[in-house]
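Read through the structure below, which is laid out as structure tokens, and then see the notes.
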Amino acid sequence: MPISVTSKNTYETGSCSPMSFMDRVCTTHRKTIYNMHSQDGCVPLTTSLTATWCLLTSVRNTKSTMCLPTSKKPASAPKLVSSVVSDASSSSSSILSNNAYDNSTRPTTEETKHIKAVTSTHSNHVRDTRFDLLWFLGPALICYLLRTPILPIYIIGIARIVSTRLTLTLHYLFVDKDNYLNKLPAKQLEREGDDYLVGTVLHMYAQIPLQVLFPAMFFSDVSVIGRSAVRTFWSHVFLVEPLYYAAHRWLHIPENMKAMHGFHHLSISTLPTTSLVQNFHEHFVYVAVFGPAFFAPFSLYWEMHWSVVGAYLVLFDLINAYGHMNIKYRHPVFTSKYSPFQYLFYTPEFHLGHHAYFRANYALFMPIWDHIFGTWRKYVKTDTDRLLPANQQDFVFIGHNAGLAHFMTCPEWNVYSAYGPFRTFKYLPYQVEFLFCAFVACIIRLFMSAYTCSRYMINDKLIGRVICICRTPIDYVDPKRYPTVNKDIVKLIASQYKAHGTQCFGLGNLNKMKQLNDGGQLISDMVKADPFLKDKGIRVWTGDTMTAASVYHQLIDMPGFDTLESIFFIGANGKIGNAVCKQLLDTKPNLKIRIYSLSHTLDHPNVSYTSDLAELLNHKIVLVGKQLSPRKFNKALAPTRYASSKKGELTPYKCRWILDYTVPYIPIDLTGHSNIEHRQIAVLETSPESSNFLKGHFDIGFGLEQHQIYPCHAGCIINTVYGRETDEVGEICVKDMMTMWERGLSLGLRNRPIKI
């Protein structure tokens, strides 16, 4: 079992028993019960959402130094809570927080004793996505061999994919980005991201035999399009809607839930594309249910056109996605009991109620069928009612683009890629990538100078926001562009103060680069010299004190560090490295530090310098705080490559750990060095289960996993909570490192464990 380093003398196991975990969840929520209806719609049926959930879904396998003020403390200490973590439980909690249940809906144990529950097999589902492109291209080959037209299949398929992705983007921009109370579990995003286009591709394959067997169903004269569309509409109303209601009720039979539909219901809180996420076999059920929309009128009139089929499928996807949106739409036309539209067309809350109540609101788009059979139930979404004012913004973290891989993780592009490390483009030179990003940024700057990213809540009372200036890596490489970048930062500060009264600002990554603005010192000076900002109480922070504290504690928590004789340090001359070295020399007087640099900035008997990178092999732990070219590492490691083939073997080198706190983290090629581990450090963890400190999407687009945050970002947030009234720029005040660390611990922040 893997062991995680959590502190010097404390270790935690990397996983826990799924059964014991499920038992704890069921015990915690055993009393969360609500009314529902039986399979035939006549006998009242009741069940417990969480208990049923636990049984139906197994847990997934799981220049100047600016020092801190010491007198000011946060107005109230953060409220710490203890809870069990899981994809299911967190979703259940989000539904409970929406006031979906109350005491009046809770049945007795006697009323629920007859419920039949079946354990689901979907929780361990992992789909291999490596061949998705080949599956998408497969219909072209089959159509070529069968001599049937390819174009209609791909026009319909691509139109559905584009409309789906566009809907997902718009939903994030206008719904999810600012709703910090609706944060979907990363496991759900991973699962849905692998499966939401499966049905579309499957339908492309299903269209091929229909084109071969019934060519008139797709290639009748274009003059039939209008009347075929009308017939398709009425077929949907009178055939598809009742068929779907019946099929949906059938899918909720426990055996069928286990076999198929439970996979869709793993998502309680939903995205628009959750509508497309189904078990593979269930897709065939829906082919049979939805097919009559155009097959029935074709059977009667022997005419139809592929454009009608395509339009129906695209519109179907959009309306289905609408029902899975996390929005409130309560116009009287759709909510008044006197309006026929209450029965003829649904709202998102109607279907969200189905995901919350489980055995209610079965209908597709027309709630009339639930009213007829007694399965309609009102659901009220209330999470957005508890959001802080939209104009409130207490802190802004100023970021920038980090390359093409950063673009690919933007949730506006694909919310399913928002978490996890940045992708690397092995065959794309950095020069080409940076030039492309610079070109895109030039176009964007024609319309905006900065882009507003996600909003999150701090300590239950403050609002933070990530805002990126439209600058790319090439702007931080060319010194001629530095003045413009600094002006963009100050311009952003002024605009946010005017719009929201924001006074607290943090500088992210390259925006505080020493060559750019001397670690933020120049930005601080520019703000103080600005006629508008100079008397507005603006504070500028780098958060580097927290980063230095994180690196230091991650290092001393390594097993055997007390007995370590020396470390090798790349990047020790930077302000973070310099502060870490000073703290180590103060607390570990016998530790020797070998620094890779030509510049000698530390004068201490335990510090020595070298220009030979290969010396890293002579030290058990190597600390990396500066990015070097892969060629330099390859050259340094070449003499000992393949010196040992198995972990644990004796090697001609001492190195075992390369601990890297550079951003972005770029893996080193350690082929042939199986005994050396390259790990990213200086990443903090927090979660709603252990602390209420941060809520929302503070972790999106940083190349990190969910609930993780860089210490510089966290340090700026801590300064906001504690009301720091001075700037944190320039060199790091070493004596503040421990103070910042203690404050972070009190707010529920911890270093991400390194698994040994």
Side-chain angles (χ1 to χ4, degrees), residues 60 121-169 187-214 217-218 259-264 266-267 271-291 294-295 306-307 309-318 320-321 324 408-409 413-418 420 423-427:
R60 296 189 71 192
T121 58
H122 303 302
S123 56
N124 295 325
H125 168 84
V126 177
R127 195 176 70 81
D128 190 345
T129 61
R130 292 175 298 170
F131 307 105
D132 282 2
L133 180 60
L134 294 178
W135 280 113
F136 179 73
L137 297 176
L141 177 61
I142 298 174
C143 288
Y144 174 78
L145 295 175
L146 297 178
R147 297 290 189 264
T148 187
I150 298 173
L151 198 58
I153 294 174
Y154 278 92
I155 289 178
I156 295 173
I158 293 173
R160 296 181 70 188
I161 292 172
V162 170
S163 63
T164 297
R165 292 292 296 270
L166 183 60
T167 302
L168 196 60
T169 293
K187 288 184 178 180
Q188 177 179 336
L189 294 176
E190 180 182 359
R191 174 177 55 83
E192 291 191 12
D194 288 345
D195 285 275
Y196 76 105
L197 293 179
V198 169
T200 300
V201 176
L202 183 63
H203 294 167
M204 293 170 65
Y205 281 90
Q207 185 173 331
I208 297 173
L210 292 176
Q211 285 190 178
V212 174
L213 296 174
F214 308 106
M217 188 174 176
F218 297 91
M260 292 182 287
H261 197 51
F263 184 71
H264 178 72
L266 287 175
S267 303
L271 288 169
T273 44
T274 303
S275 60
L276 301 173
V277 178
Q278 312 289 349
N279 168 269
F280 182 76
H281 305 290
E282 188 174 350
H283 285 295
F284 292 94
V285 175
Y286 291 139
V287 167
V289 170
F290 305 144
F294 36 83
F295 198 81
W306 63 265
S307 62
V309 176
Y312 174 81
L313 292 175
V314 170
L315 286 173
F316 185 96
D317 288 346
L318 292 175
N320 203 10
H324 288 78
M408 301 300 289
T409 63
W413 169 254
N414 185 4
V415 71
Y416 293 123
S417 301
R423 292 176 55 191
T424 56
F425 301 94
K426 185 175 181 181
Y427 302 106

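Just so you know, these numbers come straight off a predicted model, no measurement behind them.
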For this session: List the steps and the verdict of side-chain contact (heavy atoms from CB on, under 4.5 Å) for Thr129 and Trp135.
Result: CA-CA 10 Å; Thr129 61; Trp135 280 113; over 6 Å; no

Problem set entry | Interatomic spacing from CZ in Phe295 to CZ in Phe214 - rounded to 0.5 Å | 4.5 Å

Seminar exercise, completed: d(His283 NE2, His203 NE2) to nearest 0.5 Å is 7.0 Å

Exercise. Centroid-to-centroid, Phe294 to Phe218, below 6.0 Å?
Worked result: no

For this session: With sequence neighbours excluded, give me every side-chain hydrogen bond (donor to acceptor under 3.5 Å, both in side chains) pair touching residues 140-151.
Result: Thr148-Gln211

Seminar exercise, completed: Taken to the nearest 0.5 Å, the spacing of Asn414 CG from Thr409 OG1 works out to 10.0 Å

Exercise. side-chain contact (heavy atoms from CB on, under 4.5 Å) between Leu202 and Phe284: does it pass, once the steps are laid out?
Worked result: CA-CA 9 Å; Leu202 183 63; Phe284 292 94; 4.0 Å; yes

Exercise. Between the side chain of Arg191 and the main-chain N/O of Phe263, is any donor-acceptor distance below 3.5 Å?
Worked result: yes

For this session: Mind checking the CD-CG spacing from Glu192 to Leu271? Nearest 0.5 Å is all I need.
Result: 5.5 Å

Exercise. What distance separates Ile153 CD1 from Leu210 CG, expressed to the nearest 0.5 Å?
Worked result: 9.5 Å

Exercise. Does Tyr205 reach the side chain of Val201, with side-chain heavy atoms less than 4.5 Å apart?
Worked result: yes

Problem set entry | Member of Thr274, Asp195, Asn279, Leu276 meeting the side-chain contact (heavy atoms from CB on, under 4.5 Å) criterion with His264 | Thr274

Exercise. Under the side-chain contact (heavy atoms from CB on, under 4.5 Å) criterion, do Cys143 and Ile208 qualify, and how do the steps go?
Worked result: CA-CA 7 Å; Cys143 288; Ile208 297 173; 4.0 Å; yes

Exercise. Any side-chain heavy-atom pair from Gln207 and Pro152 closer than 4.5 angstrom?
Worked result: yes

For this session: Identify the two heavy atoms, one from Phe290 and one from Phe316, that lie closest to each other, and give their separation to 0.1 Å.
Result: CZ-CZ, 3.3 Å

Exercise. Got a sec, which pairs hit salt bridge (Lys or Arg N to Asp or Glu O under 4.0 Å) with one end in residues 272-291, sequence neighbours left out?
Worked result: none

Problem set entry | Shortest non-hydrogen separation from Pro272 to Thr167 and the atoms involved | CB-CG2, 3.9 Å

For this session: Have a look at Arg160 and tell me which of Thr200, Ile155, Leu197 forms a side-chain contact (heavy atoms from CB on, under 4.5 Å) with it.
Result: Thr200

Exercise. Closest approach of Tyr154 and Gly138, non-hydrogen atoms and distance?
Worked result: OH-N, 4.2 Å

For this session: Taking all non-hydrogen atoms of both residues into account, name the closest pair between Ser417 and Met408 and its distance.
Result: CB-O, 3.7 Å

For this session: Give the intermediate values and the outcome of side-chain contact (heavy atoms from CB on, under 4.5 Å) for residues Gln188 and Leu266.
Result: CA-CA 8 Å; Gln188 177 179 336; Leu266 287 175; over 6 Å; no

Exercise. Side-chain contact, heavy-atom cut-off 4.5 Å: Met204 with Ile156?
Worked result: no

